Each structure stands twice: as structure tokens, then as C-alpha cells.
Colleague: 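Before I ask anything, here is the structure I am working with.
None of these values were measured; they are calculated from a predicted model.
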Amino acid sequence: MDVIKALFAENFPAAFATACLAAYFFGMAVVFISKPLKNAESFSIKPVDNAGKTEIRVYYGGISFALGAFLIYLAVATGTAFHSLVGGMFFATTVFVTRTVFLFVDKGWKCPYTKLAIPAEGAFVIALWTCFFLAR
């Protein structure tokens, strides 16, 4: 508990953003590991067999858990959440930019998931960049 207090005292915007990023990644991990088919379908993803179901658990669930855990580890190991914020910011910004570009390439702008993802990810990226500038 003292480590968490110290991280927030050292750089509140970075610690807050890192906590939000970790919570997001851990939440995604639980969602995709526990109900991979139901949740993947809302992302317009359908596996062709049981190995595909495992891949959804591994890549959406397992990697999400690893990202959340790594951001916390990095903050604790370095004594500052700033580097975790930067890593999470690069990740979220890359996902948002790639989604936006390929939205036009793949003509996916009418898909229900895209209509949710673009504004949600855009707001998340803006919030992370705001925390980044406040944390500097």
C-alpha cells in the first residue's frame, strides 16, 4: 500500500493513468478469458474452430493481462508511473491510429463495433495524452 501511495504522491497524473490502463487491461483479460466467443463476436471476430477460441483467450485475454501487469511492474520497479503512462499511451495511440486508417481501407465504418470503438478509443487517447502533459 505504501508503494501505491508513493507512486500517486510522486506523479498523480501518471499514476492515475497507469491505474486506469491496468484496470482496462485486466478487465479485458477477464472478459476474453472467461467468455471468448461471446465477447469476440461483439468485435466481429468468429473463430473457425476450437483453436480459434483458444487464440481469442490467449491474444485478447492473456496479452491484455500481461500488458496490465507489466505497466504495474514498470511503475513499481522504477518508482514512477511516468514510463508506464508513456508505454500505455503509445499502445493506445497506435491502436487508435491503426484502427482509424484501416477503417477507410477496409470500409468498416458502418460496423456497430467501429461506431463504438472510434469515439471511445479517441476519448481514451485524449485522456492519456492529457495525463502525459500534466505529468511532465
Side-chain angles (χ1 to χ4, degrees):
M1 193 61 151
D2 290 337
V3 172
I4 294 170
K5 287 180 185 178
L7 288 171
F8 275 88
E10 187 268 334
N11 191 331
F12 182 83
F16 178 75
T18 296
C20 290
L21 282 160
Y24 167 79
F25 288 128
F26 290 146
M28 289 289 283
V30 168
V31 162
F32 280 101
I33 289 171
S34 66
K35 296 187 180 195
L37 297 179
K38 178 185 177 211
N39 292 301
E41 192 171 302
S42 67
F43 283 63
S44 299
I45 299 168
K46 290 187 180 190
V48 296
D49 58 25
N50 286 339
K53 183 177 176 182
T54 299
E55 289 305 302
I56 291 167
R57 282 190 164 120
V58 169
Y59 280 93
Y60 284 85
I63 289 177
S64 290
F65 179 82
L67 281 168
F70 181 73
L71 293 177
I72 291 172
Y73 164 77
L74 185 61
V76 171
T78 62
T80 179
F82 184 75
H83 304 294
S84 296
L85 165 59
V86 171
M89 190 180 68
F90 283 145
F91 178 84
T93 301
T94 300
V95 168
F96 178 69
V97 169
T98 304
R99 185 180 313 282
T100 302
V101 169
F102 284 97
L103 167 74
F104 293 99
V105 172
D106 298 331
K107 298 179 176 99
W109 52 80
K110 292 182 182 178
C111 298
Y113 177 72
T114 301
K115 291 177 182 178
L116 170 69
I118 291 292
E121 287 175 357
F124 194 50
V125 166
I126 289 168
L128 290 173
W129 277 92
T130 300
C131 287
F132 171 77
F133 287 114
L134 292 172
R136 291 177 67 198

Colleague: Quick check on ring-ring contact (aromatic ring centres under 6.0 Å, His included): which of Phe43, Phe25, Tyr59 does Phe32 satisfy it with?
Modeller: Phe43

Colleague: Short question: side chain of Ser42, backbone of Asn39 - any donor-acceptor pair under 3.5 Å?
Modeller: yes

Colleague: Can you check whether Leu128 reaches Leu21 side chain to side chain, under 4.5 Å on heavy atoms?
Modeller: yes

Colleague: Output the distance between atom CG (Leu103) and atom NZ (Lys115), rounded to the nearest 0.5 Å.
Modeller: 11.0 Å

Colleague: List the atom of Ala17, the atom of Leu85, and the distance in Å for their closest heavy-atom pair.
Modeller: CB-CD1, 3.5 Å

Colleague: Taking all atoms of both residues into account, what is the closest heavy-atom pair of Val125 and Ala92, and its distance?
Modeller: CG2-O, 3.5 Å

Colleague: Would you list the atom pairs, donor with acceptor, under 3.5 Å between side chains in residues 5-16 and any protein atom, with sequence neighbours excluded?
Modeller:
unit_1: Glu10; atom_1: OE1; unit_2: Thr80; atom_2: OG1; d: 2.9
unit_1: Glu10; atom_1: OE2; unit_2: Thr80; atom_2: OG1; d: 3.4
unit_1: Asn11; atom_1: OD1; unit_2: Ala14; atom_2: N; d: 3.4
unit_1: Asn11; atom_1: ND2; unit_2: Ala135; atom_2: O; d: 3.0

Colleague: Take atom CZ in Phe124; do more than 12 heavy atoms of anything else shown fall under 6.0 Å from it?
Modeller: yes

Colleague: Please say yes or no: joined through hydrophobic side-chain contacts below 4.5 Å, possibly via intermediate residues, are Leu71 and Val86 part of one cluster?
Modeller: yes

Colleague: To the nearest 0.5 Å, what is the distance between CG (Asn50) and CG (Leu37)?
Modeller: 8.0 Å

Colleague: Could you see if Leu67 belongs to whatever hydrophobic cluster contains Tyr24? Use Ile, Leu, Val, Met, Phe, Trp, Tyr and a side-chain cutoff under 4.5 Å.
Modeller: yes

Colleague: Tell me whether the count of non-hydrogen atoms from other residues, nucleotides or ligands lying under 6.0 Å of CZ in Phe65 goes above 12.
Modeller: no

Colleague: Within the side chain of Asp49, is there an N or O that forms a donor-acceptor pair under 3.5 Å with the backbone of Ala51?
Modeller: yes

Colleague: Are Val58 and Tyr60 linked, directly or through other ILVMFWY residues, by side chains that come within less than 4.5 angstrom of each other?
Modeller: yes

Colleague: Nearest 0.5 angstrom please: Thr100 OG1 to Glu121 CD, how far?
Modeller: 7.5 Å

Colleague: If you look at every heavy atom in Trp109 and Thr114, which pair is closest and at what distance?
Modeller: CA-CG2, 4.1 Å

Colleague: Which atom pair, heavy atoms only, marks the closest approach of Ala81 to Ala75?
Modeller: CA-CB, 3.8 Å

Colleague: Any chain of hydrophobic side-chain contacts (each under 4.5 Å) joining Ile63 to Met28?
Modeller: yes

Colleague: Is Phe133 reachable from Met89 through a run of hydrophobic residues whose side-chain heavy atoms are each under 4.5 Å from the next?
Modeller: yes

Colleague: Around atom OH of Tyr113, are there more than 12 heavy atoms from other residues, nucleotides or ligands closer than 6.0 Å?
Modeller: yes

Colleague: Please give me the minimum heavy-atom distance between Leu74 and Thr78, naming the atom from each residue.
Modeller: O-OG1, 2.8 Å

Colleague: Phe82: what forms a ring-ring contact (aromatic ring centres under 6.0 Å, His included) with it, not counting sequence neighbours?
Modeller: Phe132

Colleague: Go through Trp129 and Thr93 one step at a time and tell me if the side chain to side chain contact (heavy atoms under 4.5 Å, CB included) criterion holds.
Modeller: CA-CA 9 Å; Trp129 277 92; Thr93 301; 2.9 Å; yes

Colleague: Please check if the side chain of Ser84 supplies one atom and the backbone of Ile72 the other of a donor-acceptor pair under 3.5 Å.
Modeller: no

